[in-house]
Amino acid sequence: MLCSSLAIEVVTMVEFGELISAVGEFCLYQKLLVLLLSLPLLLNPFQMVGQVFMVVDVPHYCNTDWIRAVGPNLTEEEQLNLTVPRDADGEYEQCSMYSPVDWDLDSIMAYGLNATEKCSSGWVYPTAQQPSLLTEFDLVCDRKDLSDISQSVYMVGLLVGAIIFGPLSDRIGRRPVLLISILGQSLFGLVIAFLPNFIVYMVFRCIMATAMSGILITTLPLATEWVGVSYRPQAVLITHCFLAAGQLVLAGLSYGIRNWRLLQIAGSAPMFALFFYYWVLPESARWLVTKGKIEEAKKYLKKAASINKRTIPPELLDQLKCETQTKSGSILDLLRKKHLLKVTLIMSCAWFMDSLVYYGLSLNVTGFGLDIYLTQLAFGVVEIPGRICCIYLLQWFGRKKVQAVLLLLAGLMCLIIVGIPEDQAVAITVLAVIGKFAASASFSTSYVYAAELFPTIIRQSGVGLCSMAARVAGIVAPLIRLLEQYHHAIPMAVYGGATVLGGLLCFLLPETRGVELPDGTETDNPQRRSKLQALSKTDSEEKEINTEKDI
């Protein structure tokens, strides 16, 4: 895959930028497209972190029904008192029991039991409740870590999806990859609700995550390649606002549906309603041009202009032709060319840190001390302004500064949490919410920034590499939580320290605000301003000259 090259004929970016201006930079057609791309993202947060609400810890004790053979009339309290030891606080141990003996009940009550062992016959859950992943598959005691391992396996699926679907969408197009991904997430997400075994559950969830990764990384180019340069951030960040709204959907679903199988169905079945995309979803006209499919690109451009009630000048369409020389783009250019290698390494690091702190906070929603459903609601609410404010921050301060500062803020919040006593649940949660705000805004910035830094002919491959880095972080984030058994502060210290380092590295990236999307890999100067900006600047200068003349 890495050695494959894309031999294509490209059109100059100025020509295509003019076509987008003629079609309408962000009119009805583009708005409808962004809406279509956003709908699948409403349910993505459920699949990503919904498992957290299926493994909420509940009281549990070893199954000691062996004593029922000699004491069938014992009450539950009497059975626990005779067969389960107590800890230093006087509470029943949840992961050990007295070893079974062949005594009669009178002897057990008279002499008591001393030898203990780990639970050998499963667990019981005294509290009446709906079945959850934790209670149905006994994810407690020695099996407790399976929950975090399952989340890491899920992230492996996202990584595999980034490896597969990034280059694949550069090769066969954005549209088919997105349609395949929606179908995969729908089918496997629904099947998961009927699985009888936790290992099989993890495998199917990994496959479903592979499909979801295709959705995540394919919406980016479709959102950016159909709009004008000045509307790129809005297009991407609107889709991300639907991700934030999905966090609220997750809070509501998980609070209202406690049966994990019904919850999984409710979070997966609505994806089947999106099958009409097969008839309405367009391909990227920019991608079609870079692949030499000029007539097909013209068809989509004319349709977009028609919906936007615009007319494309015929002479402008006639200019949409391939250059005579053939230029090749390979994913290896990201490693061979010095300017692209720098961008690739730093952006991959930024995505890694984005993912690390984002999932580090999201998956720890049960560990901040407050009600998990209220905490998730706060996480969802704060993401919406986090995503929206990016639109203005990126316009005012540029991509580089915003990316760096947001990563630094998220990292600092995690480091401050390390120094807060565990019993200060409100303070810890407030800091975590601020950190989640910065992490979500930083993630949105990374999508916009990456789309602007990588050339069209290998954009999806570049974004795919960044997404791979993010998925590796997603794999690592749940495993870092396992270090909590050594000291509760270690996970947050790792999340915070690494993210601060990533924020500092972002200052080394070039600025791309107001710059046309690069098409080829031949230049290391991304500061190619769009013709629209150049004209605007010229008009401003002329106005200043006229004003001076009037004076």
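We count residues from 1, following the sequence as given. Side chains included, hydrogens not; waters and symmetry mates left out as well; all remaining heavy atoms used. On a predicted model such as this, the values are computed, not experimentally measured, just so you know.
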Within the side chain of [X], is there an N or O that forms a donor-acceptor pair under 3.5 Å with the backbone of [Y]?
X: S268; Y: G189; answer: yes
X: S147; Y: K144; answer: no
X: S440; Y: F437; answer: yes
X: T219; Y: I215; answer: yes

List the residues meeting side-chain contact (heavy atoms from CB on, under 4.5 Å) with [X], not counting sequence neighbours, and say none if there are none.
X: L377; result: L248, A251, V381
X: L32; result: L28
X: T344; result: L334, S348, F454, L465
X: S186; result: I182, M271, F272, F275

cation_pi(R175, Y278) dist<6.0 Å, angle<=45: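 Ring-cation test returns yes.
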If you count the non-hydrogen atoms of other residues, nucleotides and ligands that lie under 6.0 Å from OH in Y300, is the total more than 12?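 Atom OH in Y300 is packed in, count exceeds 12.
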Tell me if the NZ atom of K400 is crowded by more than 12 foreign heavy atoms within 6.0 Å.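 Yes - once you tally the heavy atoms of other residues, nucleotides and ligands closer than 6.0 Å, there are more than 12.
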Using the test side chain to side chain donor-acceptor pair (under 3.5 Å), find all partners of [X] that sit at least two apart in sequence or belong to another chain.
X: Q234; value: none
X: S442; value: D354, Q403
X: S362; value: K436
X: S284; value: E225

Short side-chain donor-acceptor distance under 3.5 Å, Q47 and Q185: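 There is no such pair between these side chains.
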Any chance the side chains of Q51 and Y201 put a donor and an acceptor closer than 3.5 Å?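 Their side chains do contain a donor-acceptor pair, which is all the 3.5 Å distance test asks for.
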So which pairs with a foot in residues 167-189 pass ring pair (Phe, Tyr, Trp, His ring centres under 6.0 Å), sequence neighbours left out?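 Counting only pairs at least two positions apart or across chains, the ring pair (Phe, Tyr, Trp, His ring centres under 6.0 Å) contacts touching residues 167-189 are F188-F204.
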For residues 151-162, please give each side-chain donor-acceptor pair under 3.5 Å, one per line with the distance, not counting sequence neighbours.
{"residue": "Q151", "atom": "NE2", "partner": "M48", "partner atom": "O", "Å": "2.6"}
{"residue": "S152", "atom": "OG", "partner": "D148", "partner atom": "O", "Å": "3.4"}
{"residue": "S152", "atom": "OG", "partner": "I475", "partner atom": "O", "Å": "2.7"}

Atom pairs and distances, donor-acceptor, side-chain atoms in residues 490-510, under 3.5 Å, two or more places apart:
{"residue": "Y495", "atom": "OH", "partner": "A477", "partner atom": "O", "Å": "2.7"}
{"residue": "T499", "atom": "OG1", "partner": "Y495", "partner atom": "O", "Å": "2.6"}

Can you name the residues that form a salt bridge (Lys or Arg N to Asp or Glu O under 4.0 Å) with R387, not counting sequence neighbours?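 Counting only residues at least two positions away or on another chain, R387 forms a salt bridge (Lys or Arg N to Asp or Glu O under 4.0 Å) with E383.
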